[in-house]
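This report refers to the structure that appears directly beneath it.
By convention in this document, chain letters (A, B, ...) are assigned in the order of the sequence lines, proteins followed by strands, and residues within each chain are numbered from 1. Everything numeric in this text was worked out from a predicted model, so none of it was measured.
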Amino acid sequence: MIALHKILLHVDATLESQRALRSAIFLSTTTGATIIAVHVVNKHVVAQLARHGTQTLADVEIEIEENGWRYLYAAEEEAKNAGAHIVIMQEQGYPEEILPRLATEYQAELVIVGLAPRSRSDATRVHIADQLIEHAPCAVLVVK
Amino acid sequence: MKLSALLSPERIVLDIKERDKNVLLTKLIKNLAELGGVNDVAMLEKEVKEREDLGNTGIGRGIGFPHSKSSQVSNILALLARPAKPVEYGSIDHVPVSILLLIVAPADGDNNEYLHTMARISRLLGKSEVREQILKAHSADEVMQIITKNE
């Protein structure tokens with residue numbers, strides 16, 4: 001049995017991320033572990049949206065960052081209302097690099113990510129899960 | 001809602017001497033209550049601190065963002081404080097806090113507006129140039145101008 005003290009949770013806009021949050025809340029309230037919820041301003045996504053949309057790179061980045069805080073505060077509220085321990089943070093870069101680094105830095109015993117069923121449009125997120133499983137220093141829970 | 005709409009020079013307190021996080025939070029809540037709009041200050045303090053116990057509100061880069069929904073207020077209220085010296089806050093990045101923003105919102109208020117406001121403020125205070133200007137400001141009026149200009 002793994003002793004849980006810190007759970008790293010990847011937060012984004014998806015339904016699967018909300019399910020992942022609920023799993024994290026359950027584990028936190030059961031074990032007393034602290035959820036470290038992180039949203040990453042994903043540079044792949046920023047570049048993609050700026051290339052195909054009408055907004056500048058900087059504007060896209062600002063919008064994603066602000067939305068990220070909104071998801072994080074919503075997650076924090078849900079967790080605290082359930083009596084779970086949670087801290088929130090936002091990073092910029094590539095989730096597949098940042099999540100394993102944070103898991104190591106904060107000595108998380110578990111990383112939880114939400115993942116939609118594999119499809120072409122979810123290619124980036126599948127990549128994140130693959131990279132996490134390979135590089136995370138701890139157990140990874142993928143919530144569908 | 002913009003931070004500049006929630007603040008005014010009297011809601012900006014510079015060079016606070018308190019160094020202990022718990023004492024500092026008590027002082028901020030008391031200062032906020034003195035400006036009006038709080039029903040029961042002791043209850044508000046209990047609520048803010050209970051939320052803080054469930055998760056540190058240091059969001060990194062020297063920013064402390066204590067916040068809570070409360071039945072003790074009818075409108076979103078804010079108070080910005082700059083301690084005289086950075087305070088150990090227990091933030092996830094271990095950086096002592098040099099700017100604190102206390103936000104309390106009505107328990108039955110518009111949750112979307114609350115989340116949107118929190119997100120805007122976090123993004124604003126996340127900008128290093130804004131933080132540096134606030135840290136160098138000589139007066140509450142100057143801090144107010146910095147916030148208004150950068151929103």
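- Both the backbone and the side chain of A/I62 come within contact range of chain B, each with at least one heavy atom under 4.5 Å from a heavy atom of that chain.
- Both tests pass for B/K21 against the ring of B/Y89: distance under 6.0 Å to the centre and angle within 45° of the axis.
- Electrostatic pairing of B/D15 and B/R82 counts as a salt bridge here, judged by a charged N lying under 4.0 Å from a carboxylate O.
- Among residues 65-73 of chain B, the residues having any heavy atom closer than 4.5 Å to a heavy atom of chain A are, in sequence order, B/F65, B/H67, B/K69.
- In summary, the side chains of B/D93 and B/S91 do not present any donor paired with an acceptor at a separation below 3.5 Å, with no hydrogens or angles considered.
- At a cut-off of 3.5 Å, with distance as the only test, no side-chain donor of B/K85 or B/S98 sits close to an acceptor on the other residue.
- A donor and an acceptor atom, one from each side chain of B/N150 and B/K127, are nowhere located under 3.5 Å apart.
- Considering only heavy-atom pairs separated by less than 4.5 Å from chain A, the leading option among B/N56, B/T117, B/I92, B/I59 is B/I92.
- Side chains of B/E10 and B/L35 form a contact here, defined as non-hydrogen atoms less than 4.5 Å apart.
- Ion pairing between a basic and an acidic side chain is recognised when a charged N comes within 4.0 Å of a carboxylate O; B/E47 and B/R51 show no such pairing.
- Heavy-atom distances place no part of A/Y71 under 4.5 Å from chain B, backbone and side chain included.
- Proximity to chain A (any heavy atom under 4.5 Å) is restricted, for B/D53, to the backbone atoms N, CA, C and O.
- Within the 4.5 angstrom heavy-atom criterion, no atom of A/E105 approaches chain B.
- The main-chain N or O of A/A13 is never found under 3.5 Å from a side-chain atom of A/S17 such that the two would form a donor-acceptor pair.
- Contact of A/A84 with chain B is made through the backbone alone, with heavy-atom distances under 4.5 Å.
- A salt bridge is absent between A/K43 and A/E61: the closest approach of a Lys/Arg side-chain nitrogen to an acidic carboxylate oxygen does not fall below 4.0 angstrom.
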